[in-house]
A.B. asks: 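Take a look at the following structure, please.
Atoms considered below: every heavy atom in the structure, side chains included; atoms not considered: hydrogens, waters and symmetry mates.
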Amino acid sequence: MCIEKEIEKKLTDDFSPTHLKVINNSHLHIGHMGDNGTGNTHFYVEISTKYFENMTKINAHKNIYKSLDCYMKNVIHALEIKVIL
């Protein structure tokens, strides 16, 4: 299962970003809390989109969490987000 590509597609579909980087950092957290052995638990997202232009970073983060809700409930343990405005 390539969760990075699924995350990229979901964020692209929802926000049409001008810049998007999704990195799976799960290998850095092997054996830590939240590691379920799948290698798909910890991710870094860097995103820039006009969709977030008049939003605070907190509201942009909330929108990203809402977009990825199904992954947050079932797959992702930790999500690091960098919104570039």
A.B. asks: What's the verdict on side chain to side chain contact (heavy atoms under 4.5 Å, CB included) for Asn63 and Phe15, showing C-alpha distance, side-chain angles and the deciding distance?
C.D. replies: CA-CA 9 Å; Asn63 276 272; Phe15 305 117; 4.0 Å; yes

A.B. asks: Measuring from atom CD of Glu46 to atom CD of Glu80, what distance do you get when rounded to the nearest 0.5 angstrom?
C.D. replies: 9.5 Å

A.B. asks: I would like to know whether Glu53 and Tyr51 meet side chain to side chain donor-acceptor pair (under 3.5 Å); could you show each step before the answer?
C.D. replies: CA-CA 6 Å; Glu53 270 185 0; Tyr51 188 90; over 6 Å; no

A.B. asks: Verify, without hydrogens or angle tests, whether Thr41 (side chain) and His77 (backbone) share a donor-acceptor contact under 3.5 angstrom.
C.D. replies: no

A.B. asks: Is there a side-chain contact between Cys2 and Glu4 (heavy atoms, below 4.5 Å)?
C.D. replies: yes

A.B. asks: Would you find a donor on one side and an acceptor on the other, under 3.5 Å apart, between the side chain of Asn74 and the backbone of Cys70?
C.D. replies: yes

A.B. asks: If you compare all heavy atoms of Leu85 against all heavy atoms of Lys57, which two are closest, and at what distance to 0.1 Å?
C.D. replies: CD1-CG, 3.9 Å

A.B. asks: Is a side-chain donor or acceptor of Thr56 paired with a backbone partner of Asn59 at a separation under 3.5 angstrom?
C.D. replies: yes

A.B. asks: Using modelled atom types and a 3.5 Å cut-off, is there a donor and acceptor pairing between side-chain atoms of Thr12 and backbone atoms of Glu8?
C.D. replies: yes

A.B. asks: Restricting to non-hydrogen atoms, name the atom on Lys10 and the atom on Ser67 that form the minimum distance, rounded to 0.1 Å.
C.D. replies: CE-O, 3.0 Å

A.B. asks: For Lys82 and Tyr44, what are the C-alpha separation, side-chain angles and deciding distance, and is it a side chain to side chain contact (heavy atoms under 4.5 Å, CB included)?
C.D. replies: CA-CA 8 Å; Lys82 180 177 182 182; Tyr44 169 80; 3.5 Å; yes

A.B. asks: Is there a donor-acceptor pair closer than 3.5 Å between any side-chain N or O of Thr18 and the backbone N or O of Ser48?
C.D. replies: yes

A.B. asks: Run the side chain to side chain contact (heavy atoms under 4.5 Å, CB included) check on Tyr71 and Glu6 step by step: do they pass?
C.D. replies: CA-CA 9 Å; Tyr71 299 102; Glu6 291 181 34; 2.9 Å; yes

A.B. asks: Applying side chain to side chain contact (heavy atoms under 4.5 Å, CB included), run through His61 and Val83 and close with a yes or a no.
C.D. replies: CA-CA 8 Å; His61 282 226; Val83 174; 3.6 Å; yes

A.B. asks: Just checking Asn54: does its CG atom have more than 12 heavy atoms from other residues, nucleotides or ligands closer to it than 6.0 angstrom?
C.D. replies: no

A.B. asks: Tell me which one of Ile64, Ile76, Asn24 satisfies side-chain contact (heavy atoms from CB on, under 4.5 Å) with Ile7.
C.D. replies: Ile76

A.B. asks: Linking I/L/V/M/F/W/Y whenever their side-chain heavy atoms sit closer than 4.5 Å, directly or via other members, would Ile23 and Leu79 fall into one cluster?
C.D. replies: no

A.B. asks: Could you state whether Tyr65 and Ile84 fall into the same hydrophobic cluster, counting links through intermediate Ile, Leu, Val, Met, Phe, Trp or Tyr residues with side-chain heavy atoms under 4.5 angstrom apart?
C.D. replies: no

A.B. asks: Could you grab the distance from atom CE of Met55 to atom OG1 of Thr49, nearest 0.5 Å is fine?
C.D. replies: 9.0 Å

